[in-house]
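I'd like to ask you about the structure that follows.
Start at 1 with the first residue, then count along the sequence. Note that the coordinates shown come from a computational prediction; the quantities given were computed from them, not determined experimentally.
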Amino acid sequence: MITSSFSGDIINVALRQLGATSIKEVRNGIMYIAKFDLADDLCVTYVFNVSKRDKYYLQRVLPYPLSYGDFEGADQVVAFIREDIEKFRHAQQSHNFPKFLQTADAMVRLTHAIELLFLERNIKEEEMDALCQRIETGLDKIREIRSHSPKIED
């Protein structure tokens, strides 16, 4: 437990240097919530757990939830968050950023709706096939747009 607390403290200091506006230790050096207020209307928030063996599990919870999984060390967690925050700082300059956040919110609602559908209903096979096809079509469209859109430069 001492190792986890120490590692959490290292990340705490590093994230403050990156501009974290709030870091809360939730469970005695095991779970942390780090908030970055990038603008009046944009807060990027991460939750990470530190295991007894100094393994880290990281997820972003705001502005939309996304799990990033396991990391081997504190330095990897900090490096990932540093890059992620920089991407948000660049992206928020785009005139499409509000629409991006609306789209991300719609994706979260879609995931939740699909989960409820599958966990609570007995779906016909042809309806499942049609739903899967529409999702695949949407993913294909995302790949197409990504392939011809210019990359954001630093």
Side-chain angles (χ1 to χ4, degrees), residues 1-119 132 135-154:
M1 193 68 82
I2 294 171
T3 304
S4 294
S5 182
F6 178 72
S7 298
D9 290 344
I10 290 172
I11 292 176
N12 191 327
V13 170
L15 295 181
R16 291 250 185 235
Q17 291 173 342
L18 291 178
T21 51
S22 168
I23 301 174
K24 292 181 182 174
E25 183 178 330
V26 179
R27 285 201 228 145
N28 297 327
I30 296 173
M31 180 185 281
Y32 294 83
I33 301 172
K35 294 182 180 185
F36 292 80
D37 292 317
L38 302 184
D40 288 340
D41 58 346
L42 179 60
C43 178
V44 182
T45 303
Y46 302 90
V47 173
F48 61 92
N49 298 11
V50 185
S51 74
K52 291 179 183 177
R53 294 179 182 86
D54 272 349
K55 302 289 183 194
Y56 302 82
Y57 182 79
L58 175 67
Q59 54 190 330
R60 183 185 333 113
V61 292
L62 286 175
Y64 53 91
L66 196 58
S67 175
Y68 290 108
D70 297 318
F71 290 81
E72 291 296 319
D75 55 335
Q76 290 179 352
V77 173
V78 172
F80 181 88
I81 291 175
R82 177 184 298 115
E83 290 174 20
D84 200 49
I85 290 296
E86 281 305 309
K87 288 177 185 179
F88 270 99
R89 284 187 173 129
H90 288 296
Q92 79 182 99
Q93 304 304 316
S94 167
H95 65 281
N96 284 326
F97 192 69
K99 284 188 179 186
F100 163 72
L101 291 178
Q102 289 174 344
T103 303
D105 180 61
M107 292 302 299
V108 170
R109 288 184 284 125
L110 174 66
T111 300
H112 184 69
I114 289 172
E115 179 182 42
L116 288 178
L117 181 66
F118 294 153
L119 294 178
C132 288
I135 292 171
E136 286 299 326
T137 300
L139 288 170
D140 289 342
K141 185 64 174 176
I142 290 169
R143 288 183 199 105
E144 176 193 330
I145 293 169
R146 188 173 195 268
S147 73
H148 71 260
S149 298
K151 186 170 180 159
I152 297 173
E153 300 298 326
D154 294 337

So, taking the atom named OG in Ser149 and the one named CD1 in Ile142, what distance separates them when rounded to the nearest 0.5 Å?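 Ser149 atom OG to Ile142 atom CD1 measures 11.5 Å (nearest 0.5 Å).
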Would you please classify the geometry between the Tyr32 ring and the Phe48 ring as parallel, tilted or perpendicular, with 30° and 60° separating the classes? parallel
Under 3.5 Å, which donor-acceptor pairs link side chains of residues 76-86 to any protein atom two or more places apart or in another chain?
residue	atom	partner	partner atom	Å
Gln76	OE1	Glu72	N	2.8
Asp84	OD1	Arg60	NH2	3.0
Asp84	OD2	Tyr46	OH	2.6
Asp84	OD2	Arg60	NE	3.0
Asp84	OD2	Arg60	NH2	3.2
Glu86	OE2	Arg89	NH1	3.1

What's the separation between atom CD1 in Ile23 and atom CZ in Phe36, rounded to the nearest 0.5 Å? 6.5 Å
Could you list the residues that satisfy ring-ring contact (aromatic ring centres under 6.0 Å, His included) with Phe118, not counting sequence neighbours? none
Straight-line distance of Leu110 CG to Leu117 CG, nearest 0.5 Å: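 One gets 10.5 Å once the value is rounded to the nearest 0.5 Å.
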Determine the minimum heavy-atom distance between Gln92 and Ala39, stating which atoms define it. NE2-CB, 3.4 Å
Tell me, please, which residues at least two apart from Asp75 pass salt bridge (Lys or Arg N to Asp or Glu O under 4.0 Å).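 With neighbours one apart ignored, the set is empty.
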For Asp40, all residues meeting side chain to side chain donor-acceptor pair (under 3.5 Å), sequence neighbours excluded: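 Not a single residue meets the side chain to side chain donor-acceptor pair (under 3.5 Å) criterion with Asp40.
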Please check if the number of heavy atoms outside His95 that lie under 6.0 Å from its NE2 is greater than 12.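 No, the 6.0 Å shell around NE2 holds no more than 12 heavy atoms from other groups.
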Across all chains, not counting sequence neighbours, the side chain to side chain donor-acceptor pair (under 3.5 Å) partners of Arg143 are Asp140
Those residues that, when tested against Lys99, pass salt bridge (Lys or Arg N to Asp or Glu O under 4.0 Å) (two or more places apart): none
By side chain to side chain donor-acceptor pair (under 3.5 Å), which residues pair with Ser147, not counting sequence neighbours?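 With neighbours one apart ignored, the set is empty.
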Residues at least two apart in sequence or cross-chain that pass side-chain contact (heavy atoms from CB on, under 4.5 Å) with Ala91, listed by chain then number, are Phe97
Point-to-point distance, once rounded to the nearest 0.5 Å, from CD of Glu25 to CD1 of Ile33: 11.0 Å
Please name all residues satisfying side-chain contact (heavy atoms from CB on, under 4.5 Å) with Glu115, sequence neighbours left out, ordered by chain then number.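 So Glu115 forms a side-chain contact (heavy atoms from CB on, under 4.5 Å) with His112, Leu119.
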Salt bridge (Lys or Arg N to Asp or Glu O under 4.0 Å) partners of Arg109, counting only residues at least two apart: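 Salt bridge (Lys or Arg N to Asp or Glu O under 4.0 Å) list for Arg109, sorted by chain: Asp105.
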How long is the straight-line distance from CD of Gln59 back to OH of Tyr68, given to the nearest 0.5 Å?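 CD of Gln59 is found 10.5 Å from OH of Tyr68.
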Return the set of residues passing side-chain contact (heavy atoms from CB on, under 4.5 Å) with Thr21 (not counting sequence neighbours), or none when no residue passes. Lys35, Asp37
Closest heavy-atom contact between Ala74 and Tyr56? N-CE1, 3.3 Å
Check Phe88 against Pro63 and note the closest heavy-atom contact, atom names and distance. CE2-CG, 3.6 Å
Which residues satisfy the side chain to side chain donor-acceptor pair (under 3.5 Å) test with Ser22, sequence neighbours excluded?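 By the side chain to side chain donor-acceptor pair (under 3.5 Å) rule, Ser22 matches no residue at all.
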